Amino acid sequence: MNKYLAIIDMKTVALAVICVAVTYACFTLNIAYDLDITLFSIAVIFPLVFTIREAFKRRDNALKFLSQFKSGLCSVHYCFEQCKKLDAARRAEVSSLLDKASSQFFDALGSENMDIRPAEDTVNEIIHFIQRNDDAISNGLALKIIRFVQEVNEGMENTISLKMHGTPISMRAYCLVFVFVFPFVFSPTIVYHLPHAPVFLTYGLSVLHGFILISLYNVQIQMENPFDQIGLDDIQLDEFRFRALEPSKIALD
């Protein structure tokens, strides 16, 4: 239930209060006018829909980059597991490095500074491991592993860049301003068109329209950061963490 209520915050309460206050002022001061709010509605709805759509695109791209990251780690793991010249201790060392890199990367995603250098350094240790064990790792296998390591680095860089650079801030600011201006245009129009309607209906319609707009705005804000595990549509990060399989469970060719 908390996740369903996550779109309700202090901005929702503030806008509801504004809607009620403006409607009350319209009744008290006899303010009502017949205004075509179609153009004004487009000016609010269009940027909201645009930013929500772009936020969903960012989420889809994040899923692709995270999948690339995990598949790269798993491919590196499988390559080392199939290298018979490496003993169990050295294969376990690689698995430990991959698990450490995965944990460091997801810690960076959840932090404010988003520093992925520790994860990159851990991934690069795999290259040093290959150099230290060139007697057991063939050149062909080494090149294959390096290619998978490159995919891991690309997945990390793309994901962290996507988190750092969101949808245009100016567009979101524009949306928020017009969402709070909307009651001053909409409420007098309701009063004009529903002069004989029950008072509670007029208040209810005013608050309802404001709630819809601010909820759409809050949905977009939550979609801006699909990694914080707050919104309903956030990425399930645990699904992309590296989990090494037991050697006996890996099907060898």
Side-chain angles (χ1 to χ4, degrees), residues 1-16 18-19 37-72 102-116 119 151-183 185-186 207-241:
M1 181 60 69
N2 290 336
K3 286 191 173 183
Y4 288 99
L5 297 177
I7 60 172
I8 300 176
D9 57 8
M10 291 306 299
K11 291 191 292 292
T12 307
V13 176
L15 187 60
I18 291 174
C19 290
I37 63 171
T38 302
L39 182 60
F40 191 86
S41 299
I42 293 174
V44 178
I45 297 298
F46 174 76
L48 277 175
V49 172
F50 170 78
T51 52
I52 291 174
R53 183 179 61 204
E54 291 302 311
F56 269 100
K57 285 183 180 179
R58 293 177 67 250
R59 177 180 178 273
D60 289 341
N61 287 331
L63 289 171
K64 180 176 68 176
F65 299 144
L66 288 172
S67 297
Q68 180 185 22
F69 168 76
K70 182 179 180 180
S71 64
S102 177
S103 298
Q104 289 173 331
F105 174 61
F106 285 107
D107 288 343
L109 277 181
S111 65
E112 293 295 331
N113 57 9
M114 296 175 285
D115 185 9
I116 62 171
E151 291 183 2
V152 172
N153 284 323
E154 287 180 356
M156 289 194 297
E157 291 290 347
N158 288 329
T159 304
I160 208 71
S161 297
L162 185 144
K163 181 180 178 180
M164 292 175 65
H165 305 284
T167 55
I169 298 176
S170 57
M171 181 71 76
R172 281 181 275 143
Y174 163 87
C175 291
L176 186 60
V177 168
F178 274 88
V179 164
F180 277 93
V181 170
F182 191 77
V185 178
F186 185 72
V207 172
L208 177 62
H209 281 78
F211 177 79
I212 291 173
L213 292 178
I214 198 63
S215 295
L216 288 174
Y217 176 83
N218 287 339
V219 166
Q220 191 277 329
I221 292 298
Q222 288 189 4
M223 288 301 302
E224 277 293 306
N225 185 7
F227 309 105
D228 58 7
Q229 307 301 292
I230 296 177
L232 288 171
D233 296 304
D234 281 351
I235 296 173
Q236 303 301 315
L237 295 178
D238 286 341
E239 298 298 322
F240 297 96
R241 291 183 181 274

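The residues of the chain are indexed from 1 along the displayed sequence. Keep in mind that this is a model prediction, so the values were computed, not measured.
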Taking Asn218's backbone N and O only, do any of them form a donor-acceptor pair with Lys11's side chain (distance below 3.5 Å, no angle check)?
no
Nearest 0.5 Å, please: how far is CD1 in Ile214 from CG in Leu176?
5.5 Å
So OG of Ser67 and CD of Glu151: to nearest 0.5 Å the spacing works out to 12.0 Å
Indicate the atoms forming the closest heavy-atom contact of Phe182 with His209, along with that distance.
CE2-CB, 4.3 Å
Taking Arg59 for the side chain and Ile235 for the main chain, is one N or O donor matched with an acceptor at less than 3.5 Å?
no
Give me the atom names and distance for the closest heavy-atom approach of Cys175 to Tyr217.
CB-CD1, 4.2 Å
Is there side-chain contact between Thr159 and Phe106, with heavy atoms separated by less than 4.5 Å?
no
Between Leu63 and Phe240, is any pair of side-chain heavy atoms under 4.5 Å apart?
yes
If I take atom NZ from residue Lys64 and atom CG from residue Leu162, how far apart are they, to the nearest 0.5 angstrom?
10.0 Å
Tell me which pairs pass ring-ring contact (aromatic ring centres under 6.0 Å, His included) where either residue lies in residues 156-176, with sequence neighbours left out.
Tyr174-Phe178
Between Ile160 and Asp115, does the side-chain contact (heavy atoms from CB on, under 4.5 Å) criterion hold? Intermediate values first, please.
CA-CA 9 Å; Ile160 208 71; Asp115 185 9; over 6 Å; no
Between Asn158 and Ser161: side-chain donor-acceptor atoms closer than 3.5 Å:
no
Which heavy-atom pair separates Ser215 from Phe211 by the least distance, and what is that distance?
OG-O, 2.7 Å
Nearest heavy-atom approach of Ser103 to Arg241 is CA-NH1, 4.1 Å
Does anything in residues 42-53 pair up under side chain to side chain donor-acceptor pair (under 3.5 Å), and if so which pairs, sequence neighbours excluded?
none
Going by heavy atoms in the side chains, are Thr167 and Arg58 under 4.5 Å from each other?
yes
In this structure, CZ of Arg172 is separated from CD1 of Ile221 (nearest 0.5 Å) by 5.0 Å
Do the side chains of Lys57 and Asp60 get close enough for a salt bridge, i.e. N-O under 4.0 angstrom?
no
Kindly write out the residues that satisfy side-chain hydrogen bond (donor to acceptor under 3.5 Å, both in side chains) with Glu157, not counting sequence neighbours, or none if the list is empty.
none
Do you know which two heavy atoms are closest between Ile116 and Ala108, and how far apart they sit?
CG2-CB, 3.8 Å
d(Gln222 CD, Gln220 CD) to nearest 0.5 Å is 10.5 Å
Let me confirm one number: the CG-CD1 distance from Leu48 to Ile212, rounded to the nearest 0.5 Å.
11.5 Å
Which heavy-atom pair separates Phe227 from Leu237 by the least distance, and what is that distance?
O-CD1, 3.6 Å
